[in-house]
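Before any comments, here is the structure.
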Amino acid sequence: MSVRQSLLAILDRGACYGSQLRAEYERRTGARVNVGQVYTTLERLERDGLVTGAGVDDEARVLWEPTEAGRVEARAWLSAASLAEGRDDVALKIALAVTLPGADIGGILSTQRAAVRAALAESETEDPDAVPAAIVRAARRARLDADLRWLDEVAALTAGATPFELSEERPRRGRPARSAG
């Protein structure tokens with residue numbers, strides 16, 4: 001989930017200061033966010049014309065509110081579908097490992113499977129307190145279950161894989177050596 005869009009969506013409800021935004025994000029999602037990330041994100045949102053300063057509260061904390069462009073972006077984000085796209089570090093690590101001579105693919109899969117099972121067990125012991133946090137936990141459990149099924153598929157796919165050495169073909173471009181000057 002995008003912290004950037006989440007903060008915009010929260011600000012669409014009313015002006016907030018940074019630590020208040022952090023608390024609202026955590027209260028609404030059950031996920032943690034570093035307060036430094038909140039302030040850095042606010043600075044970028046301001047730079048991009050999506051939020052503006054809204055004065056200070058009675059304790060001299062800077063308040064932020066969305067601009068009209070920020071409101072439009074937040075509402076568009078909320079109404080759009082979101083797919084888990086992008087780089088999958090676990091899949092990339094296993095894909096790389098299967099090509100490396102000497103990599104213990106079975107061990108890597110076993111370690112990954114144990115970590116997924118531990119995370120799944122931990123998610124089962126959490127007490128559901130609020131609907132938003134329960135939604136996030138249910139999504140995490142579903143993904144972890146899917147990860148276990150995926151690891152079974154990967155084990156079958158890698159069973160006959162053959163590692164290989166570096167290619168003899170060299171790209172034409174590369175960074176030249178620095179001169180010893």
Side-chain angles (χ1 to χ4, degrees), residues 1-97 108 111-148 150-151 154 175:
M1 175 169 70
S2 168
V3 170
R4 174 186 168 100
Q5 274 73 19
S6 298
L7 297 182
L8 277 174
I10 294 167
L11 286 172
D12 197 25
R13 304 301 311 143
C16 295
Y17 55 93
S19 292
Q20 181 184 12
L21 269 173
R22 175 182 182 243
E24 283 295 326
Y25 177 88
E26 291 181 1
R27 181 174 75 90
R28 292 167 186 272
T29 66
R32 299 229 180 263
V33 64
N34 181 299
V35 73
Q37 182 182 1
V38 170
Y39 284 108
T40 299
T41 302
L42 284 168
E43 290 168 2
R44 289 179 181 149
L45 288 168
E46 182 181 37
R47 176 200 67 201
D48 296 343
L50 300 173
V51 300
T52 188
V56 295
D57 69 4
D58 56 352
E59 294 184 30
R61 294 177 290 217
V62 176
L63 295 170
W64 298 90
E65 65 184 2
T67 62
E68 187 55 35
R71 290 182 196 284
V72 167
E73 183 168 322
R75 292 172 186 172
W77 173 71
L78 283 172
S79 64
S82 299
L83 299 176
E85 298 283 339
R87 193 169 80 174
D88 182 332
D89 288 335
V90 176
L92 291 173
K93 177 173 81 172
I94 295 170
L96 174 66
I108 292 168
T111 299
Q112 188 65 32
R113 196 176 279 112
V116 171
R117 285 187 178 130
L120 194 53
E122 181 181 313
S123 74
E124 298 294 336
T125 63
E126 296 172 350
D127 293 327
D129 50 357
V131 172
I135 290 168
V136 172
R137 279 192 302 276
R140 178 159 170 71
R141 283 191 304 271
R143 285 188 191 96
L144 290 167
D145 284 335
D147 283 350
L148 286 174
W150 173 76
L151 286 166
V154 169
R175 180 175 287 176

Side-chain heavy atoms of Y17 within contact of D57, under 4.5 Å: yes
Which atom of P66 lies closest to which atom of L11, heavy atoms considered: CD-O, 3.3 Å
CZ-CG distance between R117 and D147, expressed to the nearest 0.5 angstrom: 12.0 Å
Audit row: I94, L151, side chain to side chain contact (heavy atoms under 4.5 Å, CB included) steps and yes/no: CA-CA 10 Å; I94 295 170; L151 286 166; 4.2 Å; yes
Chi angles and distances behind the side chain to side chain contact (heavy atoms under 4.5 Å, CB included) call for L21, L42: CA-CA 10 Å; L21 269 173; L42 284 168; 3.7 Å; yes
Any donor-acceptor N/O pair, D48 side chain to L50 backbone, under 3.5 Å: no
Value rounded to 0.5 Å, distance of CG in L7 from CH2 in W64: 11.5 Å
S19 versus Y39, closest heavy-atom pair with distance: N-OH, 3.2 Å
Nearest heavy-atom neighbours spanning I10 and C16: CG2-SG, 4.5 Å
Taking every non-hydrogen atom, the tightest pair across A9 and W77: CB-CZ3, 4.3 Å
Straight-line distance of T40 OG1 to L45 CG, nearest 0.5 Å: 11.0 Å
Least distance between heavy atoms, T67 atom then G49 atom: OG1-O, 2.7 Å
Closest approach of G18 to V38 (non-hydrogen atoms, all atoms of both residues): O-CG1, 3.5 Å
Polar side-chain atom of E26 near backbone of V33 as donor-acceptor pair, under 3.5 Å: yes
Steps toward side chain to side chain contact (heavy atoms under 4.5 Å, CB included) verdict (W150, V90): CA-CA 11 Å; W150 173 76; V90 176; 3.8 Å; yes
E43/R47 ion pair, N-O < 4.0 Å: no
Spacing of CG belonging to L120 relative to CZ belonging to R141, to within rounding of 0.5 Å: 8.0 Å
Derivation and outcome, side chain to side chain contact (heavy atoms under 4.5 Å, CB included), residues R140 and R137: CA-CA 5 Å; R140 178 159 170 71; R137 279 192 302 276; 5.5 Å; no
Inter-residue atom distance N34.CG - R22.CZ, 0.5 Å rounding: 7.0 Å
Separation of Q112 CD from K93 NZ (nearest 0.5 Å): 5.5 Å
Atom CZ of R44: over 12 foreign heavy atoms under 6.0 Å: no
